[in-house]
Structure formats: C-alpha cells, structure tokens
Amino acid sequence: MRLIRLAVVDDSAFVRKAIEKMLGGDARIEVVGTATSGEELLANLERWAPDVITLDLSMAGIGGLVTLDRVMALRPTPVIILSTHAGRGAPQTIEALHRGAADFIDKQEYSLLDFSALREVLVEKVLAVAGSLQAAERSAGAPAPPAGEPSGGYDVLLIGASTGGPPAIEQVLVDLGPDCPVPVMVVQHMPQGFTRAFADRLNAHLPLEVREAEEGMLLEPGRVYIAPGGRHLRINREGDRAACSLSLKPDGVAHRPAVDELFVSAVPGAQRAVAALLTGMGRDGAEGMRQLAAGGAYTVAQDEATSIVYGMPGAAVTLQAAREVLPLPRIGPRLRELLAESRPTAAG
C-alpha cells in the first residue's frame with residue numbers, strides 16, 4: 001500500500017520536530033518535507049507532491065491563509081489547519097475552512113508534550129482526508145430506499161456535518177435562498193470557541209439570519225441555529241411552538257454537539273422534519289437519521305463523490321436511512337423543493 005505523503009508547515013521548529021516524531025512510527029504515513037513558511041512550502045510543492053498538508057496559520061511572510069489559497073490554486077491538496085486560534089483567533093480558522101481546508105486541530109486542546117492524544121487525532125484526520133479512512137468506512141453498497149413522495153407540511157430542517165462541513169453547509173444554505181419557510185438547526189462538529197465564529201461568518205455571508213443557538217431560543221422561519229461547541233442541541237416542541245434546548249448530557253459520546261442527539265430529539269413529530277447528513281468522519285447522525293426516516297421524516301444524504309469524508313453519510317446509506325443520496329450541488333435545491341409548500345413553525 002502506498003504511503004500517505006505528508007508535508008508539515010509550521011514556523012516553530014519544536015512543532016515540526018514533534019509532528020515528525022509523532023508520525024515517524026506510523027507505517028501508513030511518510031513525512032516528505034517540513035517548511036517554516038508558506039513560501040518554502042510553495043517552492044517545494046511539486047517536488048514533495050504531498051497527499052496531505054498540515055498548515056499553521058500564524059506565520060511570517062505571506063501567512064497561512066494566503067498559503068492555503070495558493071495551494072488550492074496550484075495543486076489542490078487536503079489541508080489540516082494545526083494552529084492556536086481559539087477565542088479571538090477562531091474566525092481565521094473558520095475562514096480557512098471556508099477557503100478549502102479540510103479540517104483543523106486546535107493546538108490549545110492538546111499538550112505537545114503529551115504525544116499520544118495529539119498523535120491519535122492527527123493520524124485519524126490525516127487518514128480521513130487522504131482517503132484511507134473513507135475506504136474503511138465506505139458503504140457496503142446498500143442502496144437507499146426508494147425516495148417516494150414527500151408528505152409535505154414540513155416545519156423544520158435539520159443538518160448535520162463534520163469534516164468538510166463548513167463550506168458544504170454554506171453551499172446548502174445559499175441554495176435554500178433568502179426566503180426559507182422553516183427554521184434550520186445545524187450541528188457541525190467543532191469545539192468551544194469556534195461555533196460562534198462559524199455562525200458569525202455564515203451570518204455575514206448569507207441572506208438568512210444565522211445565530212449560535214441559546215437555551216430556550218424560539219425557532220423562527222428563515223433563521224439558522226448553530227449548535228454551540230461543547231453542548232448538545234435538541235428541538236423542544238410544545239404544540240405549535242418549538243425552541244432550542246441545550247444540554248451537557250450525555251457526556252460519554254464522541255462528539256458534543258452530536259448530530260444523533262439533534263436528530264433523535266426530532267423523532268416525535270418526525271413527519272414534520274426534513275434532515276440532511278453531509279460530509280463527515282465517523283457515524284454520528286446515521287442512527288438518528290434511521291429513526292427519523294422510520295418516523296416519517298424526509299431524509300437526504302450527501303453522496304460519496306462530493307464528500308470530503310464519506311463516513312457519516314455513508315453510514316446512513318448503509319442503514320438505509322437516506323431516502324435520497326445526492327451530490328452536494330443538488331442538496332440545497334432539493335431541500336428548497338421539499339420545503340416549498342411547508343407550514344412554518346410559529347415562534348408565537
């Protein structure tokens with residue numbers, strides 16, 4: 001099996017050596033080059049021919065974002081942002097994701113002296129964006145059930161995503177248009193400190209109003225509610241009214257927020273929900289989508305060809321939870337069709 005070729009770009013000699021040491025014993029990954037700046041990476045890009053790049057955002061010279069733009073223009077390559085950008089710097093990481101970075105690791109979450117935790121997440125993400133993990137998690141070929149006719153009368157749209165999700169979510173929301181007749185609830189796997197920046201960026205670039213969800217916030221048509229990092233987002237229905245519900249529980253799950261928690265919360269009244277599961281690593285959302293589909297929701301999964309990582313939508317397809325499997329450019333227009341004659345959820 002061909003080794004995954006990894007290039008490491010960081011202005012810290014310690015970080016570069018730490019990453020080389022972390023990955024040196026992995027038989028699947030070869031560090032083909034390290035660079036102290038974007039200029040050095042670009043000068044060696046064709047020679048190193050990396051399959052994946054880890055990229056620091058805070059570097060002298062042209063900096064991380066310009067480096068990312070030039071990589072995507074010259075030799076599109078999966079890029080994992082490895083930087084310390086929580087809090088005030090989070091918008092830069094979010095911007096990198098929207099410009100084409102596949103994923104990110106916040107160095108503030110891990111101690112570079114504790115190699116095991118950082119090594120585990122780094123290897124997982126490198127394998128995922130390079131394609132190895134997708135192959136391992138790929139659907140066994142189970143077809144989606146017949147799409148059938150939509151029931152109509154939908155009053156909420158639920159969206160879940162992980163790796164590669166931010167630009168995919170943005171495209172879906174753009175394609176929904178400015179007059180979406182229902183509220184939209186979104187779970188994107190992100191740690192605390194980043195989901196607010198994600199919501200703010202979407203709000204600045206979309207005609208829809210986008211907010212980070214808060215406890216008890218009433219759902220209103222045409223507004224988008226982003227699950228906050230570190231808390232699960234659920235829908236709380238009371239008659240014709242619906243609101244956001246946030247919780248720290250359960251805490252023994254792989255992700256918080258979790259897509260499954262949002263999807264399962266909508267199972268009562270599932271016939272009024274439309275759910276979309278987009279690109280992402282792992283299986284989160286697949287079981288929740290299965291339960292939604294069984295309850296009468298209309299469910300859509302992103303196809304493998306347009307997914308950065310096919311884990312989550314692929315798992316839903318395997319469970320026959322998706323009534324339609326569509327390429328990303330078709331998902332937004334299809335959701336718009338489904339919601340065209342929906343009755344809005346009233347905020348009261």
* Derivation of the side-chain contact (heavy atoms from CB on, under 4.5 Å) call for Val224 and Arg211 -> CA-CA 6 Å; Val224 181; Arg211 305 176 177 183; over 6 Å; no
* Might you work through the side-chain contact (heavy atoms from CB on, under 4.5 Å) test for Leu41 and Trp48, ending with a clear yes or no? => CA-CA 9 Å; Leu41 169 68; Trp48 290 346; 4.0 Å; yes
* Dump the intermediate steps for side-chain contact (heavy atoms from CB on, under 4.5 Å) on Leu326 and Asp303, then the final yes or no. => CA-CA 5 Å; Leu326 298 173; Asp303 72 355; over 6 Å; no
* **Derivation of the side-chain contact (heavy atoms from CB on, under 4.5 Å) call for Val9 and Thr34** => CA-CA 6 Å; Val9 189; Thr34 64; over 6 Å; no
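Rounding to the nearest 0.5 Å gives a distance of 8.5 Å between CD of Gln92 and CZ of Arg99. Annotation: the span from Leu246 atom CG to Met217 atom CE amounts to 9.0 Å, rounded to 0.5 Å. Distance check: Tyr298 OH to Leu335 CG gives 10.0 Å after rounding to the nearest 0.5 Å. Within the model, atoms CG of Leu173 and SG of Cys180 stand 8.5 Å from one another, a figure rounded to the nearest 0.5 Å. The distance from atom CZ of Arg290 to atom OG1 of Thr299, rounded to the nearest 0.5 Å, is 11.5 Å. To the nearest 0.5 Å, the span separating CD1 on Ile80 from CG on Leu6 amounts to 7.5 Å.
Other residues, nucleotides and ligands contribute more than 12 heavy atoms inside 6.0 Å of the CD atom of Glu20. Counted within 6.0 Å of CD on Glu238, heavy atoms from surrounding residues, nucleotides or ligands total 12 or fewer; the atom is thus considered open.
A pairwise comparison of heavy atoms in Gly193 and Ala90 identifies O-CB, 3.0 Å as the closest pair. In plain terms, the two heavy atoms of Ala101 and Ile81 that are nearest each other are CB-CG1, 3.8 Å. The shortest non-hydrogen separation linking Met59 to Thr36 is SD-O, 4.1 Å. Closest non-hydrogen pair, Ala301 versus Val317, comes out as CB-CG2, 4.3 Å. Shortest non-hydrogen contact noted between Thr67 and Gly38 is OG1-CA, 3.1 Å. Across every non-hydrogen atom of Phe263 and Gly285, the tightest pair is CD2-O, 3.5 Å.
Under 4.0 Å is where a charged nitrogen must lie from a carboxylate oxygen, and between Arg16 and Asp10 no such pair does. The pair Arg231-Asp251 fails the salt-bridge criterion, with no side-chain N (NZ, NE, NH1 or NH2) lying under 4.0 Å from an Asp/Glu carboxylate O. Using a cut-off of 4.0 Å between Lys/Arg side-chain N and Asp/Glu carboxylate O, Arg119 and Asp26 are scored as salt-bridged. Of the charged side-chain nitrogens involved, none lies within less than 4.0 Å of a carboxylate oxygen, so that Arg283 and Glu287 do not count as a salt-bridged pair. Asp175 and Arg336 are not joined by a salt bridge, as no carboxylate oxygen comes within less than 4.0 angstrom of a charged side-chain nitrogen. Under 4.0 Å is where a charged nitrogen must lie from a carboxylate oxygen, and between Arg237 and Asp155 at least one such pair does.
You'll find the side chain of Ile169 reaches within 4.5 Å of the side chain of Phe198, heavy atoms only. Inter-residue side-chain proximity for Ile159 and Val259 is flagged as unmet; no heavy-atom pair is nearer than 4.5 Å. Under the 4.5 Å side-chain criterion, counting only non-hydrogen atoms from C-beta, Gln192 is not in contact with Pro228. Residues Pro221 and Pro181 have side chains not in contact (no heavy-atom distance under 4.5 Å, counting atoms from C-beta outward). Taking the side chain as every heavy atom from C-beta outward, Ile53 and Pro78 never approach each other to under 4.5 Å. The closest side-chain heavy-atom distance from Val300 to Leu277 is not below 4.5 Å. With a 4.5 Å cut-off on side-chain heavy atoms, Leu158 and Leu292 count as touching. Contact check for Ser245 versus Glu215: side-chain heavy atoms found under the 4.5 Å cut-off.
Using modelled atom types and a 3.5 Å distance limit, the side chains of Glu170 and His98 yield a donor-acceptor pair. Defined by atom type and a distance below 3.5 Å, a donor-acceptor pair is present between the side-chain atoms of Gln302 and Thr306. A donor-acceptor contact under 3.5 angstrom links the side chains of Glu212 and Thr195, judged on distance only.
Without hydrogens or angle criteria, Thr279 side chain to Val309 main chain gives a donor-acceptor distance under 3.5 Å. For Tyr154 (side chain) and Gln271 (main-chain N/O), no donor-acceptor pair under 3.5 Å exists by modelled atom type. Checked by atom type and distance alone, the side chain of Asp51 never pairs as donor or acceptor with a backbone atom of Ala130 at under 3.5 Å. Side-chain atoms of Glu39 come within 3.5 Å of backbone atoms of Ile62 as a donor-acceptor pair (strictly under, hydrogens ignored). Although no hydrogens or angles enter the test, the distance criterion places no donor-acceptor pair under 3.5 Å between the side chain of Glu124 and the main chain of Glu120. Using modelled atom types, no side-chain atom of Arg223 and backbone atom of Leu208 make a donor-acceptor pair closer than 3.5 Å. With His232 contributing its side chain and Leu262 its backbone, the two residues share no donor-acceptor pair below 3.5 Å. Remark: side-chain polar atoms of Asn236 are not paired, donor with acceptor, to backbone N or O of Ala243 under 3.5 angstrom. Judged purely by atom type and a 3.5 angstrom limit, Asp260 has no side-chain atom pairing as donor or acceptor with the backbone of Asp284. The backbone N or O of Arg75 lies less than 3.5 Å from a partner atom in the side chain of Thr77, making a donor-acceptor pair.
Taking hydrophobic clusters as Ile, Leu, Val, Met, Phe, Trp and Tyr residues chained together by side-chain heavy-atom distances below 4.5 Å, Leu328 shares a cluster with Met72. Hydrophobic clustering (ILVMFWY, side-chain heavy atoms < 4.5 Å, transitive): Leu97 and Val210 are in one cluster. There is a path of hydrophobic side-chain contacts, each under 4.5 Å, that joins Leu176 to Leu338.
Shown here are the side chain to side chain donor-acceptor pair (under 3.5 Å) partners of Asp200, two or more places apart in sequence or in another chain: there are none.
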